Amino acid sequence: MNYRRLLSALAAAVLLPLAAAAMAQVSQQDPEWRPRLWVGGGGIGRFNREPPKWAKLENFDGSFNFCRAYFTGDRFEAGGTGWSTDFPGADNNFSVRLGELTAVHVKLDKGGQPDYVVVRLTDPLLYRCPILHMEDVGVVRFSDDEVESLRAYLQKGGFVIVDDFWGTKAWEQWEYEIGRVLPPHQYPIKDIPHDHPIMNVLYDVKDVEQVSNIRFWVQTGSTSERGADSPNVNFRGIADDHGRLIVVMAHNTDIPDTWEREGESKEYFDHFSPNGYAVGVNIVLYGLTH
């Protein structure tokens, strides 16, 4: 069972001793917890295109919803699909594991699956999402209304996680767009150091590993999707005036693929998923508690 292998790997490699007891209790806190992991069909790494699962008021009851931002891109990047990159597998699977590995109460839908949602940046329901997830942001172009709305969301306590964008061009485009939202003279982007509290909220993560999408890894054996233009992971953040991170960015890595594709390859799961879940859980818990 992947859950048991994940639990063992996390406990052996990155679990903080003080968190072990709490983690061991979680799977028994709700005897009705039976959501399923999403596993892609049609072969390793195939895209599963699904329409947005738009957020509605009834989706929210104070529990955790995996909220994914909908945005428009002006170009395409290899391996990405814009806002929907890794959707819905990453959203579902991370929610399942978050509910298993922590005391966070995950919202389930009527079918007993995590009630993940997609939200427009100008939708008032954005404020029901304490954490907002974005991928493939190297292609994004925000409208003026989206800029204003996202700025207000962040200044009022929102938290954005950004992942799975690769190389110089993608970084520069994202840097420009987020700079429209949070002016860099006031909100500079900085590297997140290894001793930052986000690295050991629950798991003692020593490093944010580089992970490529599963198909690229299977075909090439490499983790750098842009070759020499993406040699290392850039783990960066933007903090508010009080020093609290409000945007966390993982550039040159595809952490959500370690969630989405965990059921497609035992080797890929064992190699990448423990660190991928540890990083993701730490970031989410930081966002929920700081």
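No experiment lies behind these values; they were computed from the predicted model shown.
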Closest heavy-atom contact between [X] and [Y]?
{"X": "L121", "Y": "A69", "result": "CD2-CB, 3.9 Å"}
{"X": "V284", "Y": "I131", "result": "O-CD1, 3.4 Å"}
{"X": "G280", "Y": "W259", "result": "CA-CZ2, 3.9 Å"}
{"X": "A228", "Y": "P231", "result": "O-CD, 3.4 Å"}
{"X": "A55", "Y": "D123", "result": "O-OD2, 4.5 Å"}
{"X": "L126", "Y": "S149", "result": "CD2-OG, 4.1 Å"}

Would you list the pairs meeting ring pair (Phe, Tyr, Trp, His ring centres under 6.0 Å) in which at least one residue belongs to residues 207-226, sequence neighbours left out?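 Passing the test, one end in residues 207-226: W217-Y268, W217-H271, W217-F272.
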
Measuring from [X]:[atom1] to [Y]:[atom2], what's the distance to the nearest 0.5 Å?
{"X": "F66", "Y": "F87", "atom1": "CZ", "atom2": "CZ", "value": "10.0 Å"}
{"X": "I246", "Y": "Y187", "atom1": "CD1", "atom2": "OH", "value": "6.0 Å"}
{"X": "W54", "Y": "L125", "atom1": "CH2", "atom2": "CG", "value": "12.0 Å"}
{"X": "M249", "Y": "W171", "atom1": "CE", "atom2": "CH2", "value": "4.5 Å"}
{"X": "F159", "Y": "H133", "atom1": "CZ", "atom2": "NE2", "value": "12.0 Å"}
{"X": "H251", "Y": "T253", "atom1": "NE2", "atom2": "OG1", "value": "10.5 Å"}

Do any N or O atoms from the side chain of [X] and from the backbone of [Y] form a donor-acceptor pair under 3.5 angstrom?
{"X": "T102", "Y": "G99", "answer": "no"}
{"X": "S212", "Y": "S222", "answer": "yes"}
{"X": "E146", "Y": "S143", "answer": "yes"}

Would you say [X] and [Y] make side-chain contact, with heavy atoms under 4.5 Å?
{"X": "Y286", "Y": "M199", "result": "no"}
{"X": "I238", "Y": "V248", "result": "no"}
{"X": "V104", "Y": "L285", "result": "yes"}
{"X": "P256", "Y": "D254", "result": "yes"}
{"X": "V205", "Y": "V279", "result": "yes"}
{"X": "L150", "Y": "L132", "result": "yes"}
{"X": "Q210", "Y": "N252", "result": "yes"}
{"X": "N275", "Y": "T258", "result": "no"}

Show me, pair by pair, the donor-acceptor contacts under 3.5 angstrom made by side chains of residues 110-119, not counting sequence neighbours?
{"unit_1": "Q113", "atom_1": "OE1", "unit_2": "R36", "atom_2": "N", "d": "2.7"}
{"unit_1": "Q113", "atom_1": "NE2", "unit_2": "R36", "atom_2": "O", "d": "2.9"}
{"unit_1": "Q113", "atom_1": "NE2", "unit_2": "N92", "atom_2": "OD1", "d": "3.0"}
{"unit_1": "D115", "atom_1": "OD1", "unit_2": "K53", "atom_2": "NZ", "d": "2.6"}
{"unit_1": "D115", "atom_1": "OD1", "unit_2": "N59", "atom_2": "ND2", "d": "3.2"}
{"unit_1": "D115", "atom_1": "OD2", "unit_2": "N59", "atom_2": "ND2", "d": "3.1"}
{"unit_1": "D115", "atom_1": "OD2", "unit_2": "K107", "atom_2": "NZ", "d": "2.9"}

Could you tell me which residues satisfy side-chain hydrogen bond (donor to acceptor under 3.5 Å, both in side chains) with [X], sequence neighbours excluded, listed by chain and number?
{"X": "S84", "answer": "T81"}
{"X": "D164", "answer": "W166"}
{"X": "S63", "answer": "D61, H105"}
{"X": "D144", "answer": "R180"}

Using the salt bridge (Lys or Arg N to Asp or Glu O under 4.0 Å) rule, collect all pairs that involve [range], keeping only residues at least two apart or in two chains.
{"range": "residues 64-73", "result": "R68-D91, R68-E135"}
{"range": "residues 233-246", "result": "D191-R236"}
{"range": "residues 152-162", "result": "none"}

Which is it for R141 and E177 under the side chain to side chain contact (heavy atoms under 4.5 Å, CB included) test, yes or no, and what are the steps along the way? CA-CA 7 Å; R141 289 297 183 196; E177 291 298 320; 2.9 Å; yes

Apply side chain to side chain contact (heavy atoms under 4.5 Å, CB included) to E148 and V181, showing your working. CA-CA 7 Å; E148 295 296 327; V181 176; over 6 Å; no

Could you check M134 against I161 for side chain to side chain contact (heavy atoms under 4.5 Å, CB included), going step by step and ending with a plain yes or no? CA-CA 6 Å; M134 303 180 73; I161 302 171; over 6 Å; no

Under the rule for salt bridge (charged side-chain N to carboxylate O under 4.0 Å, His left out), what residues qualify as partners of R128, not counting sequence neighbours?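 Counting only residues at least two positions away or on another chain, R128 forms no salt bridge (charged side-chain N to carboxylate O under 4.0 Å, His left out).
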
May I ask you to decide whether K169 forms a salt bridge with E77, counting only side-chain N to carboxylate O separations under 4.0 Å? no

Can a donor-acceptor pair be found between the side chains of D229 and T168 at a distance below 3.5 Å?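 Yes, T168 and D229 have a side-chain donor paired with an acceptor closer than 3.5 Å.
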
Are S224 and S230 linked by a side-chain donor-acceptor pair shorter than 3.5 Å? yes

Sequence neighbours excluded, the answer for ring-ring contact (aromatic ring centres under 6.0 Å, His included) partners of F60 is none

Any chance you could lay out the side chain to side chain contact (heavy atoms under 4.5 Å, CB included) test for E264 and I214, step after step, and finish with the verdict? CA-CA 9 Å; E264 295 181 31; I214 190 172; 4.2 Å; yes

Parallel under 30°, tilted from 30 to 60°, perpendicular over 60°: which one fits the rings of Y277 and F94?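 The rings of Y277 and F94 lie parallel, inter-plane angle below 30°.
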
Among the clusters formed by ILVMFWY side chains lying less than 4.5 Å apart, do L98 and L288 turn up in the same one?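 Linked, L98 and L288 end up in one cluster.
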
Does the side chain to side chain donor-acceptor pair (under 3.5 Å) test come out yes or no for N213 and E225, once each step is laid out? CA-CA 8 Å; N213 70 69; E225 292 190 21; 3.0 Å; yes

Taking the six-membered ring for Trp, are W83 and F71 closer than 6.0 Å centroid to centroid?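 No: the rings miss the under 6.0 Å criterion.
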
Hydrophobic cluster of F76, others only, ordered by chain and residue number, side-chain cut-off 4.5 Å: none

